[in-house]
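Working notes for the structure below.
Start at 1 and go down the list; that is how both ligands and their atoms are numbered. Basis for what follows: all heavy atoms, side chains included, without hydrogens, waters or symmetry-related copies. In this chain, numbering begins with 1 at the start of the sequence shown.
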Amino acid sequence: MSGKIDTREFSITDHDAAVEIWQRVEGIEIAEGDDRKGIAEFLARNPRLSRVAMDGPAIVGVALCGHDGRRGHIYHLAVDPAYQGRGLGKRLLDECLEGLRRVGAQRVIILVASDNQRGSAFWKHRGWEEIPGAVPMGIDV
Ligand SMILES: CC(C)(COP(=O)(O)OP(=O)(O)OC[C@H]1O[C@@H](n2cnc3c(N)ncnc32)[C@H](O)[C@@H]1OP(=O)(O)O)[C@@H](O)C(=O)NCCC(=O)NCCS
């Protein structure tokens, strides 16, 4: 651990390292669209929004960020357990929100697994609120 952490845009060459962190932390489920091709398409549709944190050459934090022209979305925010509690999650989140403001998003939505109490507590601590009356739904197409 060098102490100096840099952040930069998520590049598709970071995919393997990102998957490795997503698999290592609790609370993130790797799903359809998270393979290399799916993430490459997501990054191409949402340039300059997703972020990684680096300790030297090692990826130690990651956040996927995009928008659909109306709402912003942040997915799979994760920090390597050895680097948690040092402000990195907040830093990546703030950078995502800054990018979404830049592209004109006014509201940002996330999905948190109902059993991810630690993740929920992080978002609430950062000022996010549950959406009363909304139930997430989905269908495979
Ligand atoms: C959630 C996660 C990204 C937070 O990253 P982190 O680098 O440890 O968090 P930070 O150090 O940036 O914390 C930022 C602030 O949130 C607070 N915080 C962090 N985790 C918290 C928690 N579980 N509950 C309440 N507050 C929390 C910190 O105390 C800090 O507060 P401050 O700004 O008042 O000083 C990280 O714990 C993680 O990767 N968890 C597993 C994956 C996950 O659940 N991701 C969310 C998926 S929806």
>> Closer than 4.0 Å to some heavy atom of Arg86 - which atoms of ligand 1 meet that?
In response: 11 (O)
> Nearest protein heavy-atom contact for atom 48 (S) of ligand 1: which residue, which atom, what distance?
Replying inline: Trp123 NE1, 3.3 Å
> Just checking, is any N or O donor in the side chain of Glu95 or Thr7 under 3.5 Å from an acceptor N or O on the other one?
Replying inline: yes
> Looking at atom 11 (O) of ligand 1, what's its closest protein heavy atom, distance included?
Replying inline: Gly87 N, 2.7 Å
> Is there at least one pair of N or O atoms, one from His125 and one from ligand 1, spaced under 3.5 Å apart?
Replying inline: yes
> Please state which protein non-hydrogen atom is closest to atom 38 (C) of ligand 1 and give its distance, to 0.1 Å?
Replying inline: Gln84 NE2, 3.4 Å
>> For atom 12 (O) of ligand 1, what is the closest protein heavy atom, and at what distance to 0.1 Å?
In response: Lys90 N, 2.8 Å
> Which atoms of ligand 1 have any heavy atom of Arg126 under 4.0 Å away?
Replying inline: 33 (O)
> When you measure from atom 8 (O) of ligand 1 to every protein heavy atom, which one gives the shortest distance, and what is it?
Replying inline: Gly85 N, 2.8 Å
> Are the side chain of Asn116 and the backbone of Gly119 linked by a donor-acceptor contact shorter than 3.5 Å?
Replying inline: yes
> Would you say Val25 has any N or O atom under 3.5 Å from an N or O of ligand 1, going by distance alone?
Replying inline: no
> Do any nitrogen or oxygen atoms of Gly119 lie less than 3.5 angstrom from nitrogen or oxygen atoms of ligand 1?
Replying inline: no
>> Distance alone, cut at 3.5 Å: any donor-acceptor contact between the side chains of His73 and Asn46?
In response: no
>> Please list the nearest protein heavy atom to atom 39 (O) of ligand 1 with its residue and the distance rounded to 0.1 Å.
In response: Val79 N, 2.8 Å
> Nearest to atom 42 (C) of ligand 1, what protein heavy atom do you find, and at what distance?
Replying inline: Glu26 O, 3.4 Å
> Has ligand 1 got any nitrogen or oxygen that is less than 3.5 angstrom from a nitrogen or oxygen of Leu77?
Replying inline: yes
> atom 27 (C) of ligand 1: which protein heavy atom is closest, and how many Å away?
Replying inline: Phe122 CA, 4.0 Å
>> Please report the interatomic distance CZ(Phe10) to CZ(Arg51), rounded to the nearest 0.5 Å.
In response: 12.0 Å
> Distance-only, no hydrogens or angles: does the Trp22 side chain make a donor-acceptor pair with backbone N or O of Ala78 under 3.5 Å?
Replying inline: no
> Hey, what's the ring geometry for Trp128 with Trp123, parallel, tilted or perpendicular (30° and 60° as the breaks)?
Replying inline: perpendicular
